[in-house]
Protein chains: 2
Amino acid sequence: MPKLKTNIVLGDSIKELKKLPANSVDLIFTSPPYADSRVKTYGGIKADKYVDWFKPYGKELLRVLKEDGTFVLNIKEKVVDGERHTYVLELILAMREMGWLWTEEYIWHKRNSFPGKWPNRFRDSWERLIQFNKNKRFKMNQQAVMVPMGDWANTRLKNLSKKDLTRDESKVGSGFGKKISNWLNKDMAYPTNVLHMATECGNKSHSAAFPENLPEWFIRLFTDEGDVVLDPFLGSGTTSKVAQRLNRNSIGIEILPEYYEIAVKSVKGK
Amino acid sequence: MPKLKTNIVLGDSIKELKKLPANSVDLIFTSPPYADSRVKTYGGIKADKYVDWFKPYGKELLRVLKEDGTFVLNIKEKVVDGERHTYVLELILAMREMGWLWTEEYIWHKRNSFPGKWPNRFRDSWERLIQFNKNKRFKMNQQAVMVPMGDWANTRLKNLSKKDLTRDESKVGSGFGKKISNWLNKDMAYPTNVLHMATECGNKSHSAAFPENLPEWFIRLFTDEGDVVLDPFLGSGTTSKVAQRLNRNSIGIEILPEYYEIAVKSVKGK
DNA sequence: GTTCCGCATGAATCGATAG
DNA sequence: ACTATCGATTCATGCGGAA
């Protein structure tokens, strides 16, 4: 296998994406700054301006993605003035006007959501994982994310330890591959479009917006080894780190120097 | 307590709703015919016409709902030509233009979703429960749907240290002020906006769109005993049946005679 | 070595208070 | 009136230290 590249770039994605060739990326997985959040670091995009802010990124991402590639966007709308704001709905409509297909919407059920109590709402315990594509046909390795029979939540995802990972990898990578269908139908089942994962806990050295399980699931599903994964809002580098671990090339772009530094360390520390 | 009314009506909701007084309903819970589904029975509303088809219903429902009432809409977009259709997103935007507030979106995670396999998507395992209101303030009985606490409480609350018994003063800058003694004797916690419920088994004579647990949860949450629950697309009568069991008055409207008959029997059978 | 327990903290939201 | 900041509320998680 040729040497893999894990490229971490400091800069704004609109500019940096222009340097990438068209049709060169297999999977885009990212979680852009949410409206009005991370105000101190990212400046806080206003909810009403969110779609306009995102559009140029959406356009460049459409250009760099391969024809059979996939774009997975992790996002959730805030409550503004007692209502869920509509910028995510409008974003989906705007993306379609741009030429993207809205193929699917996965739900990330966050088992440990932020606590709190309010007079007229409960804790928000889920986020959207919106799947966009350029064409109806795209690469999808469904068997790569199969799960042991039984409840998805109770078995694998409750505690996805390293032991679990190596065990699964050995199964997939071993000589059983020739007769996958044999054990496939007996021991494993296809997952659904609802993912149960805990957010990472704060007492780790650096907390990320999403747990490693999340990009891992989509990287396995939508790419092969040696493919190219892109995260245009890299943050602390989770996507790049996971891509590297799974033997995928990756490009991560981050505008803030402090996050960029964390991401670089996170990847090298591996 | 005055005698409860469980009113099942045969007819089209647009016409029948006009007979109801304004501001008379506490909760609307319904699952309208989805686009292109139930083609033989409902005539199959085309996805592209769905919003226009729904609007007049949305308008009448807005009129009959009390000022502190709630409208919960169970819906999920179909796949059309390889994409998720956007009629649900557009419906939310249209409802807001009509004067509804989009307060929240709950997820119904269907634990046993319909089996199946497709080349480019997994089983669809969730539906939307979209909450609309007329005002920011509405009736909500949060304690009525509390759930048992997780393991954490069992371990943590068993032995309260002396420190926990007195208020833990806010630590410098970042610490949460804790009042752990508040949690003493609490074995229940508030739920989140993700509901895990199995679909009903198919061994019933007529399959309902949703299990009884689903309307039950929202009826408990948004109404008191003696309140009025409305389902303008009653189907086989689940909403009315549950409302009756929970001592709520109810109005159920169904346009198809065969479903109407089933609903009437379902309620009388109680 | 295991298991158990204490602890900090998080893409949150609301209401009140202050400029 | 409109925005900015602050305090209060609440619970699952994983780490580290203790039993």
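Below, chain A is the first sequence line, B the second, and so on; all start at residue 1. Side chains are part of it too, since the values below use all heavy atoms of this structure and drop only hydrogens, waters and symmetry mates.
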A/Met197 CE to D/dG14 P, straight-line distance once rounded to whole Å: 13 Å
Can you measure A/Asn213 atom CG to D/dG14 atom C1' for me and round it to whole angstrom units? 14 Å
Non-neighbouring partners of A/Asn249 that pass side-chain contact (heavy atoms from CB on, under 4.5 Å), sequence neighbours left out: A/Leu4, A/Lys5, A/Val228
Need one value for A/Pro211: base, sugar-phosphate or nothing, where a base atom within 4.0 Å counts as base even if backbone is also close, heavy atoms only. nothing
Using the six-membered ring of A/Trp53, assess whether NZ or CZ of A/Lys55 lies under 6.0 Å from its centre and within 45 degrees of the ring axis. no
So which of B/Val194, B/Asn213, B/Leu129 actually passes side chain to side chain contact (heavy atoms under 4.5 Å, CB included) with B/Trp108? B/Leu129
Using a cut-off of strictly less than 4.0 Å, decide whether A/Arg111 has a side-chain nitrogen or oxygen near OP1 or OP2 of D/dT13. yes
Going by the rule salt bridge (Lys or Arg N to Asp or Glu O under 4.0 Å), which residues pair with A/Asp124 if we only count those two or more places apart in sequence or in a different chain? A/Lys76, A/Arg84
Could you give the side-chain donor-acceptor pairs of residues 140-148 of chain B under 3.5 Å, partners two or more places apart or in another chain?
unit_1   : atom_1 : unit_2   : atom_2 : d
B/Asn141 : ND2    : B/Thr223 : O      : 3.1
B/Asn141 : ND2    : B/Asp224 : OD1    : 3.0
B/Gln142 : OE1    : A/Lys117 : NZ     : 3.3
B/Gln142 : NE2    : A/Trp118 : O      : 2.7
B/Gln142 : NE2    : A/Pro119 : O      : 3.4

Would you kindly give the CZ-to-P distance between A/Phe114 and D/dT13, to the nearest whole Å? 15 Å
Which of the following nucleotides, D/dC11, C/dA11, C/dA12, is nearest to the side chain of A/Ala209? C/dA11
Can you tell me the distance, in whole Å, between the NE2 atom of A/His85 and the P atom of C/dA11? 22 Å
Among all residues two or more places apart in sequence or in another chain, which pass the salt bridge (Lys or Arg N to Asp or Glu O under 4.0 Å) test with B/Arg121? A/Glu104
Whole angstrom value for the distance that separates P of D/dT13 from CZ of A/Arg123: 10 Å
Where do N or O atoms of nucleotides 14-18 of chain C meet protein N or O atoms at under 3.5 Å, pair by pair?
unit_1 : atom_1 : unit_2   : atom_2 : d
C/dC14 : OP1    : A/Arg121 : NE     : 3.1
C/dG15 : OP1    : B/Arg137 : NH1    : 3.4
C/dG15 : OP1    : B/Arg137 : NH2    : 2.3

Atom NZ of A/Lys78 and atom C1' of C/dA12 are separated, to the nearest Å, by 6 Å
According to ring pair (Phe, Tyr, Trp, His ring centres under 6.0 Å), who are the partners of B/Phe222, at least two apart in sequence or on a separate chain? none
Answer syn or anti for C/dA11, where the cut-off is 90° from 0 on the glycosidic torsion. syn
If a pair satisfies side-chain hydrogen bond (donor to acceptor under 3.5 Å, both in side chains) and one of its residues is in residues 91-100 of chain A, list it, with sequence neighbours excluded. A/Arg96-B/Glu83
List for me each residue that meets salt bridge (Lys or Arg N to Asp or Glu O under 4.0 Å) alongside A/Glu60, sequence neighbours excluded, and say none if there are none. A/Arg63
Can you give the dot-bracket line for DNA chain C, using ( ) for pairs inside the strand, [ ] for pairs that cross earlier ones, | for pairs with another strand and . for unpaired bases, where Watson-Crick and G-U count if both distances are under 3.5 Å? .|||||||||.||||||||
